[in-house]
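Remarks on the structure that follows.
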Amino acid sequence: MNISIKYHIPAREMDFVNINLSKDNKIFLDPFRIRMGKTEFHKLCNKKIEYFISNLLELSKKRKYDKLIEIIENLYERNETRLGYSLQTAYGKSFGENGGKNLVKLLANNDFVSSGKIEDIFDCLMMIPNIGEDKVSDLITTIIFLDLIKYTQNQCDLWKIEMNKISLDKLCWEDNLKQWVKIDTELPVYNNKAIVFVPKSFVSEKYLFSYEKLYRDVIIPLYKQREFDTIGSKFVIKYKNGKKHVLGNELRKEYPCTKYIVMDFIKKYYNVYRDYKSNFI
């Protein structure tokens, strides 16, 4: 059952995602859409995301791993939004698995982090393995969860949606206190589970800034030109009329679209990546 049906709201007039309350909705909070939004709510959430990520990266560079674990250990999925894969497993894809040790290991062993080349959540998407839309969406949700609660309450007031007093099972990140806190609040409920709304303008099915898009837009074109200019390249065929052609499919087999190929590209062509990102974001 979708929210619009349950609460008799015209779906087109809703500012928030018309989620199906009974299953996962395969869409994700997109940091690019939040960053580029023009409303004060977009700006507030983007600022909190930027500060949180900057703090994690700074703690990692300074090797303050105990403090890192304190922050990361409660980065569990928030099932209340019904976005991503939140209902499939209790904690399956979250950053908070194993007390946050997995993410700490990723940050601690990543050359890009230690060298200071990772500056924000967008660089994390590109340069840290095993981080994709699902985990970044979970992370963003956790960072701005209290703001999403306030947003939900405002939308409930607007649409006259009933709310119940509840005590949330998982701790919430309090940005002002810089700590995890227990929250009792009011939220709409479906099948005895709290619901938290997310603005439509915050989400996408596929991230607009991603390593796959970098691969298509930059890496393959650059590698094609590189092979075209290389004498004796196995990826280039020559025609009788003197023209040359790069075998794109063979090149993609040699350099498939994986995070590791992208990371290797960024190491070799770091300034190219920075130019691409600066034109995109």
Side-chain angles (χ1 to χ4, degrees), residues 1-9 14-25 27-29 34 41 44-45 47-49 51-52 55-56 67-103 134-199 202-203:
M1 178 183 290
N2 286 34
I3 289 179
S4 61
I5 296 174
K6 176 174 174 58
Y7 296 114
H8 308 289
I9 302 172
M14 292 166 48
D15 183 68
F16 51 93
V17 180
N18 188 22
I19 57 172
N20 187 317
L21 294 166
S22 303
K23 63 179 185 179
D24 286 331
N25 299 262
I27 51 179
F28 308 94
L29 273 80
I34 296 174
F41 190 51
L44 171 68
C45 291
K47 184 178 180 180
K48 290 188 176 182
I49 293 167
Y51 179 83
F52 190 95
N55 187 39
L56 289 186
K67 183 62 177 178
L68 259 180
I69 290 178
E70 278 183 35
I71 296 175
I72 292 173
E73 64 183 352
N74 287 295
L75 289 176
Y76 293 114
E77 290 173 318
R78 304 296 323 200
N79 299 339
E80 296 90 346
T81 65
R82 311 296 200 277
L83 300 186
Y85 306 102
S86 61
L87 298 181
Q88 291 185 6
T89 58
Y91 305 108
K93 295 178 178 292
S94 68
F95 275 128
E97 291 178 274
N98 303 318
K101 291 180 181 178
N102 288 344
L103 181 55
D134 54 347
K135 289 186 177 180
V136 170
S137 181
D138 291 341
L139 176 58
I140 293 172
T141 302
T142 304
I143 296 169
I144 63 172
F145 193 69
L146 291 182
D147 300 287
L148 292 176
I149 288 177
K150 292 178 182 177
Y151 171 82
T152 301
Q153 292 168 339
N154 289 337
Q155 291 298 315
C156 286
D157 290 341
L158 175 64
W159 293 105
K160 305 298 187 278
I161 296 173
E162 181 182 359
M163 292 185 287
N164 296 348
K165 292 182 178 180
I166 61 169
S167 180
L168 295 175
D169 295 333
K170 299 171 186 175
L171 299 179
C172 299
W173 178 253
E174 171 51 72
D175 183 70
N176 293 326
L177 299 176
K178 302 295 182 289
Q179 65 184 38
W180 298 98
V181 296
K182 178 70 175 175
I183 293 295
D184 296 321
T185 188
E186 290 189 345
L187 283 170
V189 172
Y190 178 75
N191 285 346
N192 298 317
K193 295 180 179 179
I195 308 168
V196 169
F197 302 153
V198 176
F202 275 33
V203 305

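Just so we're clear, the structure is a prediction, and the values are computed from it rather than from any experiment.
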More than 12 non-hydrogen atoms from neighbouring residues, nucleotides or ligands closer than 6.0 Å to OH on Tyr190, yes or no?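 Atom OH in Tyr190 is packed in, count exceeds 12.
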Should we count NZ of Lys178 as having more than 12 external heavy atoms under 6.0 Å?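 Counting neighbours around NZ of Lys178, more than 12 heavy atoms of other residues, nucleotides or ligands fall under 6.0 Å, so yes.
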Looking only at non-hydrogen atoms, find the nearest pair between [X] and [Y] and report the distance.
{"X": "Val189", "Y": "Lys6", "answer": "O-CE, 3.9 Å"}
{"X": "Cys172", "Y": "Phe145", "answer": "SG-CD2, 3.8 Å"}
{"X": "Leu75", "Y": "Ile71", "answer": "CG-O, 4.1 Å"}
{"X": "Val203", "Y": "Val198", "answer": "CG1-CG1, 3.7 Å"}
{"X": "Ile143", "Y": "Trp173", "answer": "O-CD1, 4.1 Å"}
{"X": "Cys45", "Y": "Ile34", "answer": "CB-CG2, 4.1 Å"}

May I ask you to say whether Asp24 pairs ionically with Arg82, meaning some side-chain N is under 4.0 Å from a carboxylate O?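 Not counted as a salt bridge, because no side-chain N and carboxylate O are separated by less than 4.0 Å.
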Hey, what do you get for [atom1] ([X]) to [atom2] ([Y]), rounding to the nearest 0.5 Å?
{"X": "Asn154", "Y": "Phe16", "atom1": "CG", "atom2": "CZ", "answer": "11.5 Å"}
{"X": "Ile27", "Y": "Thr81", "atom1": "CD1", "atom2": "OG1", "answer": "9.0 Å"}
{"X": "Leu187", "Y": "Ile166", "atom1": "CG", "atom2": "CD1", "answer": "4.0 Å"}
{"X": "Ile19", "Y": "Ile195", "atom1": "CD1", "atom2": "CD1", "answer": "6.5 Å"}
{"X": "Thr142", "Y": "Ile49", "atom1": "OG1", "atom2": "CD1", "answer": "11.0 Å"}
{"X": "Ile3", "Y": "Asn25", "atom1": "CD1", "atom2": "CG", "answer": "8.5 Å"}

List for me each residue that meets side-chain hydrogen bond (donor to acceptor under 3.5 Å, both in side chains) alongside [X], sequence neighbours excluded, and say none if there are none.
{"X": "Asn18", "result": "Ser4"}
{"X": "Asp184", "result": "Ser167"}
{"X": "Asn2", "result": "none"}
{"X": "Asp175", "result": "none"}

Which residues share a side chain to side chain contact (heavy atoms under 4.5 Å, CB included) with [X], sequence neighbours left out:
{"X": "Met163", "value": "Gln153, Cys156, Asp157, Glu186, Pro188"}
{"X": "Leu171", "value": "Asn74, Trp180, Lys182"}
{"X": "Asp169", "value": "none"}
{"X": "Lys47", "value": "none"}

With a 3.5 Å distance limit and no angle check, can you tell me whether [X] reaches the backbone of [Y] through a side-chain donor-acceptor pair?
{"X": "Thr152", "Y": "Phe197", "answer": "yes"}
{"X": "Asn20", "Y": "Ser22", "answer": "yes"}
{"X": "Glu77", "Y": "Asn79", "answer": "no"}

Check whether any side-chain heavy atom of [X] sits under 4.5 Å from a side-chain heavy atom of [Y], and report yes or no.
{"X": "Phe52", "Y": "Leu139", "value": "yes"}
{"X": "Asp15", "Y": "Gln155", "value": "yes"}
{"X": "Val136", "Y": "Leu29", "value": "no"}
{"X": "Leu146", "Y": "Glu174", "value": "yes"}

For Phe202, give me all partners under ring-ring contact (aromatic ring centres under 6.0 Å, His included), at least two apart in sequence or on another chain.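 If we apply the ring-ring contact (aromatic ring centres under 6.0 Å, His included) test to Phe202, skipping adjacent residues, the hits are Phe41, His42.
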Given the rule in the side chain to side chain contact (heavy atoms under 4.5 Å, CB included) test, do Leu168 and Glu80 qualify, once you have shown the distances and angles that lead to the verdict? CA-CA 10 Å; Leu168 295 175; Glu80 296 90 346; 3.8 Å; yes
Taking salt bridge (charged side-chain N to carboxylate O under 4.0 Å, His left out) as the definition, give me every residue that meets it alongside Lys150, ordered by chain and number, with sequence neighbours left out.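 Per chain and number, Lys150 pairs via salt bridge (charged side-chain N to carboxylate O under 4.0 Å, His left out) with no residue.
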